[in-house]
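These numbers were taken from a predicted model, which means no experiment stands behind them. All chains are named by letter (A, B, ...) in the order of the sequence lines, taking the proteins before the strands, and each is independently numbered beginning at 1.
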2 protein chains.
Amino acid sequence: MKPKQKKSKRLERLREVIEDDPFITDRELACVFGVSIQTIRLDRLELGIPESRERTRRLAEEATNKVRSVETGEVIGDLIHVKLGQEGISVLETDKDMAFQRTSIVRGHHIFAQANSLAVALVDAEIALTGTATVKYLRPVKAGERLVAKAEIVSRSGRRHVVKVTTKIGHEDVFTGEFAVFAVDEPDGYGETQGGDLN
Amino acid sequence: MKPKQKKSKRLERLREVIEDDPFITDRELACVFGVSIQTIRLDRLELGIPESRERTRRLAEEATNKVRSVETGEVIGDLIHVKLGQEGISVLETDKDMAFQRTSIVRGHHIFAQANSLAVALVDAEIALTGTATVKYLRPVKAGERLVAKAEIVSRSGRRHVVKVTTKIGHEDVFTGEFAVFAVDEPDGYGETQGGDLN
DNA sequence: CATGAATTATGACCAAGTCTTAGTAGCAGA
DNA sequence: TCTGCTACTAAGACTTGGTCATAATTCATG
């Protein structure tokens, strides 16, 4: 049973090699493993691994989707309820890409981002800038947990809105924050005493 | 000069079409524009646009790099100086992917993330959790600007570290924050009074 | 020795290109 | 009118990185 062992070992390694270099071609793989191209093709067939161009295409699609949804959406998380100028709820499904590999604990800035973008979304203005934020992390969030953020505008004086956000997992509070958000009309002239970053 | 106008218009549109669907083939493009494949190839040559497989490959590479560096790096930004337990400096080059398309203003959570992860990096412990954060955005940051964050541990009592972070563009302050970071030894038993999220 | 699994080889074919050479259509100026 | 230019189209040879089918070879093992 020498060849069988050899083979299954190769299959295993093959999967790994392709995993961390999806661009590699069969020719290169054949060279790496010291077997013929045909063997590599049969192996891929057996493992159900598509050809390199297909792998590349999938990667590109997946990654562009991810970048678009994670980075360029106007709001981090899904807005499931909004009363402009009053309150709102946003849901964020966390995943391992948001977390530290070692601990699977979600990075704080994602939680912050959800809360902050919700706070800004509530303010009824062309442009809204966060001036200050005070936040508290109550317990770590594990990758896979579903974050539900509830926000409420608790006060308003002129352009300054104070928004309180509480983020829960189930019934447990994991994060709270208070954001001072400024509404801005003019494209380049915002608060003189309190500038802020648009979020 | 009718054909010339037609052509330059097509080149322009071609660039756009390929831009928002990089996977499209010459054959499909030929069909879209109602010209021959050869014309499309000549156009691409003129515009210096590579073939679809090449475009796909680049996308995949770029996107995977981006996801890795932006999302899974242990620190957001580049640590250019660290004195563990004392102070540190991190640099973050902002780009349009970090900003709102409409305004080109960098999303606040990126600035927060840089500061927060720097604060956490300074704490000399196996695991460090942010308990609270108070931050102030002093002026909006435009995509392309280079953020330099300086952090300093200003006090420490037991496991609680207070870290002050100031982020500048050139000599101008754009953000300040104060982070309470907790050092944790045991894998699952952290602060009883003050939990926190590992960042 | 025969059998079967694993491997290698071979050849036909495909998609999506490259690069080269050549032909055509339409219009503009000497 | 002829000539030349630009734009477009066509045709052929070659490349990469494969698929698919059909052998042929190797080799351990019953």
Run B:Y137 and A:F182 through ring-ring contact (aromatic ring centres under 6.0 Å, His included) and show every step you take.
CA-CA 11 Å; B:Y137 294 91; A:F182 294 84; over 10 Å; no
Just how far, in rounded Å, is [atom2] of [N] from [atom1] of [X]?
X: B:L14; N: D:dA7; atom1: CG; atom2: C1'; answer: 15 Å
X: A:E54; N: D:dG18; atom1: CD; atom2: C1'; answer: 12 Å
X: A:L42; N: D:dC20; atom1: CG; atom2: P; answer: 11 Å
X: B:L29; N: D:dT9; atom1: CG; atom2: P; answer: 14 Å
X: A:E28; N: D:dG17; atom1: CD; atom2: C1'; answer: 11 Å
X: B:D43; N: D:dC8; atom1: CG; atom2: P; answer: 7 Å

Counting primed atoms, P, OP1 and OP2 as sugar-phosphate and everything else as base, the B/S/- map of nucleotides 9-21 of chain C against protein heavy atoms under 4.0 Å is BB----BBBB---
Any donor-acceptor N or O pair under 3.5 Å, side chains A:T130, A:N116
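A pair is found: one side chain offers a donor N or O, the other an acceptor, under 3.5 Å apart.
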Verify whether one side chain among A:T94 and A:E145 offers a donor that lies under 3.5 Å from an acceptor in the other.
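Short answer, no.
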Considering every strand and a 4.0 Å limit on heavy-atom distances, what is the contact class for B:I37: base, sugar-phosphate, or nothing?
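No contact.
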Would a single hydrophobic cluster contain both A:L29 and A:L42, if residues Ile, Leu, Val, Met, Phe, Trp and Tyr are joined by side-chain heavy-atom contacts under 4.5 Å?
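In one cluster with A:L42: A:L29, no.
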Using a side-chain heavy atom cutoff under 4.5 Å and only I, L, V, M, F, W and Y, what cluster partners does A:V154 have?
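Direct or chained contacts put A:V154 with A:V162.
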Contacts of type side-chain contact (heavy atoms from CB on, under 4.5 Å), residue A:Q86, not counting sequence neighbours
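For A:Q86 the side-chain contact (heavy atoms from CB on, under 4.5 Å) partners, ignoring immediate neighbours, are A:K83.
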